[in-house]
Undergrad: 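Can you read through this structure? Questions will come right after.
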Amino acid sequence: MTDTETRLQPKKKGLTRRQKRGLSRGIQYAVFVAAVIAFAVAADWDRLQNQFAQADIARQMFPDVITLALKNTVLYTVTGFAVGLALGMLIALMRLSSVGPYRWLAGIYIEIFRGLPALLIFIFIGVAVPLAFPGTEIIGGTYGKVALALGLVAAAYMAETIRAGIQAVPKGQMEAARSLGFSPARAMVSVIIPQAFRIILPPLTNELVLLFKDSSLVLFLGVTLEERELSKYGRDLASTTANSTPILVAGLCYLLITIPLGFVVRRMEAKAQEAVK
């Protein structure tokens, strides 16, 4: 065969890059569908329904699961977030301070409370504080203890988030405020911090979601029937009824809060990215 005939012969074409991506995606979908079908076939749905989906037990939980358990969970979360935000702001400013001991204390606090599990913080507040300071009562009783425990945990993470937000504000903003006669403290409060909060609002909202779930640790403080949150309420009823339906209902109540908050976080992140572009 001559060179001319070889050139005229049609070349064998393989799959294009786009076709390869489509084939790979199709294989992944097929594997996913096969896994779902295998799970659906293998699961014992009758036993699952009997253990987790008893309608009569679920009906018995209302309205207390909303008016008592969910209300307490939200209250614990909001108060803990408020304490954590205030303390986190203070620690962030100490972290940025020109005074060495302030920076060292803030750094030590962040390393300790980010490294300890939240469970140990709750036990420390519930057991160690009364032993160390006999006769001392934390304001607010159980609600105050939960707010303090959640706040101590959240403050370590919020402090680093706030510090990063403050440092993300262009330095020219401080210089412009100073040129207008603002003192450093007033410029920080009136100019820098408001801009920083617009930057860090998504991660702070995400921290709120995490605190909402961490509020389940309140059981280690010893709570009364009127102070129970969702997890404790669901476990108590599950023990009483010898059925896991209350735990499922409590989990759905958590999702009523966390899913909308997660959507809000994604929307804020999307808007922040659009603003950057």
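Note that these values count all heavy atoms, side chains included, but never hydrogens, waters or copies made by symmetry.
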Undergrad: Side chain to side chain contact (heavy atoms under 4.5 Å, CB included) for Cys253 and Val65? Distances and angles first, verdict last.
TA: CA-CA 8 Å; Cys253 289; Val65 68; 3.9 Å; yes
Undergrad: To the nearest 0.5 Å, what is the distance between CG on Leu105 and CD1 on Ile91?
TA: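 Rounded to the nearest 0.5 Å, the CG-CD1 separation comes to 10.0 Å.
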Undergrad: Is it possible for you to say whether Leu252 and Ile259 belong to one hydrophobic cluster, with membership spreading through side-chain heavy-atom contacts below 4.5 Å?
TA: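 The answer is yes; both residues are in one hydrophobic cluster.
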Undergrad: So, the side chain of Ser190 versus the backbone of Ala187: is there a donor-acceptor pair under 3.5 Å, distance only?
TA: no
Undergrad: Would you say Leu93 and Ile166 make side-chain contact, with heavy atoms under 4.5 Å?
TA: yes
Undergrad: Any chance the side chains of Glu227 and Thr142 put a donor and an acceptor closer than 3.5 Å?
TA: yes
Undergrad: Does Asn206 use its side chain to pair, donor to acceptor, with the backbone of Pro202 at less than 3.5 Å?
TA: no
Undergrad: Quick check against the 3.5 Å criterion: does Gln54 have a side-chain atom that pairs as donor or acceptor with the backbone of Asp56?
TA: no
Undergrad: Answer yes or no: is there a donor N or O on one side and an acceptor on the other, between the side chain of Glu111 and the main chain of Ile108, under 3.5 Å?
TA: no
Undergrad: For Arg178 and Phe182, indicate whether the former's side chain and the latter's backbone hold a donor-acceptor pair under 3.5 Å.
TA: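 Indeed, once roles are kept as given, a pair shorter than 3.5 Å links the two residues.
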Undergrad: Give a yes or no on this: more than 12 heavy atoms of other residues, nucleotides or ligands lie within 6.0 Å of atom CD1 of Ile139.
TA: no
Undergrad: Let me see the working for Val83 and Leu150 under side chain to side chain contact (heavy atoms under 4.5 Å, CB included), right down to the final yes or no.
TA: CA-CA 8 Å; Val83 172; Leu150 287 176; over 6 Å; no
Undergrad: Taking only residues two or more places apart in sequence, or in another chain, which ones meet Tyr109 in a ring-ring contact (aromatic ring centres under 6.0 Å, His included)?
TA: Phe113
Undergrad: Count the heavy atoms belonging to other residues, nucleotides or ligands that lie under 6.0 Å from OH of Tyr143, then report whether that count exceeds 12.
TA: yes
Undergrad: Is the closest side-chain donor-acceptor distance between Gln51 and Ser244 under 3.5 Å?
TA: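 Side-chain D/A pair, Gln51 to Ser244: present.
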Undergrad: Once you measure the plane-to-plane angle for Phe212 and Tyr254, does it fall in the parallel (<30°), tilted (30-60°) or perpendicular (>60°) bin?
TA: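 Aromatic pair Phe212/Tyr254 classed perpendicular.
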Undergrad: What heavy-atom pair brings Tyr233 and Met61 nearest, and what distance separates the two atoms?
TA: OH-O, 3.4 Å
Undergrad: Roughly how far apart are Leu230 CG and Leu256 CG, rounded to 0.5 Å?
TA: 9.0 Å
Undergrad: Side chains of Pro184 and Arg186, heavy atoms from C-beta outward: is any pair under 4.5 Å?
TA: no
Undergrad: Specify the closest pair of heavy atoms between Ala159 and Ile110, including all atoms of both residues, with the distance to one decimal.
TA: CB-CD1, 4.1 Å
Undergrad: Give, for atom CE of Met174 and atom CD1 of Ile192, the distance between the pair rounded to the nearest 0.5 Å.
TA: 4.5 Å
Undergrad: How long is the span from the CZ atom in Phe124 to the CG atom in Leu131, to the nearest 0.5 Å?
TA: 10.0 Å
Undergrad: Is a donor on one side and an acceptor on the other found under 3.5 Å between the side chain of Thr241 and the backbone of Leu237?
TA: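 Yes, Thr241 side chain to Leu237 backbone: donor-acceptor pair under 3.5 Å.
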Undergrad: What are the two closest heavy atoms between Gly234 and Ala250, and how far apart are they?
TA: CA-CB, 4.4 Å
Undergrad: Quick one: do Leu96 and Gln167 satisfy side chain to side chain contact (heavy atoms under 4.5 Å, CB included)? Show the steps, please.
TA: CA-CA 9 Å; Leu96 295 171; Gln167 291 180 326; 3.4 Å; yes
Undergrad: With heavy-atom distances below 4.5 Å as the criterion, would you say the side chains of Leu70 and Ile257 are in contact?
TA: yes
Undergrad: Please output the side-chain donor-acceptor pairs of residues 22-33 that fall under 3.5 Å, not counting sequence neighbours, one pair per line with the distance.
TA:
from: Ser24; atom 1: OG; to: Gln28; atom 2: NE2; distance (Å): 3.2

Undergrad: Just so I know, are the side chains of Pro246 and Ile57 near enough to count as touching, which here means a heavy-atom distance under 4.5 Å?
TA: yes
Undergrad: I'd like to know if the side chain of Arg47 reaches the main chain of Asp44, judged simply by a donor and an acceptor atom lying under 3.5 Å from each other, with no hydrogens or angles considered.
TA: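 Checking the backbone N and O of Asp44 against the side chain of Arg47, no donor-acceptor pair under 3.5 Å is found.
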Undergrad: Does the Thr205 side chain pair with the main chain of Val265, one donor and one acceptor, at a distance under 3.5 Å?
TA: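 Side chain of Thr205 to backbone of Val265, a donor-acceptor pair under 3.5 Å: no, none is there.
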Undergrad: Keeping Asn72 on the side-chain end and Glu226 on the backbone end, is there a donor-acceptor pair under 3.5 Å?
TA: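 Looks like yes, one N/O pair under 3.5 Å.
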Undergrad: Only pairs at least two apart or in different chains count here, so list each salt bridge (charged side-chain N to carboxylate O under 4.0 Å, His left out) that has a residue in residues 80-108.
TA: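 Every salt bridge (charged side-chain N to carboxylate O under 4.0 Å, His left out) pair that includes a residue of residues 80-108, provided the two are not neighbours, is Arg95-Glu160.
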Undergrad: Quickly, which of Val249, Asn243, Leu248 forms a side chain to side chain contact (heavy atoms under 4.5 Å, CB included) with Phe52? Name it, please.
TA: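 When side chain to side chain contact (heavy atoms under 4.5 Å, CB included) is applied between Phe52 and each of Val249, Asn243, Leu248, only Leu248 qualifies.
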Undergrad: Hydrophobic cluster membership, with links at side-chain heavy-atom distances under 4.5 Å among I/L/V/M/F/W/Y: are Leu210 and Val74 in one?
TA: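 Result: no, two separate clusters.
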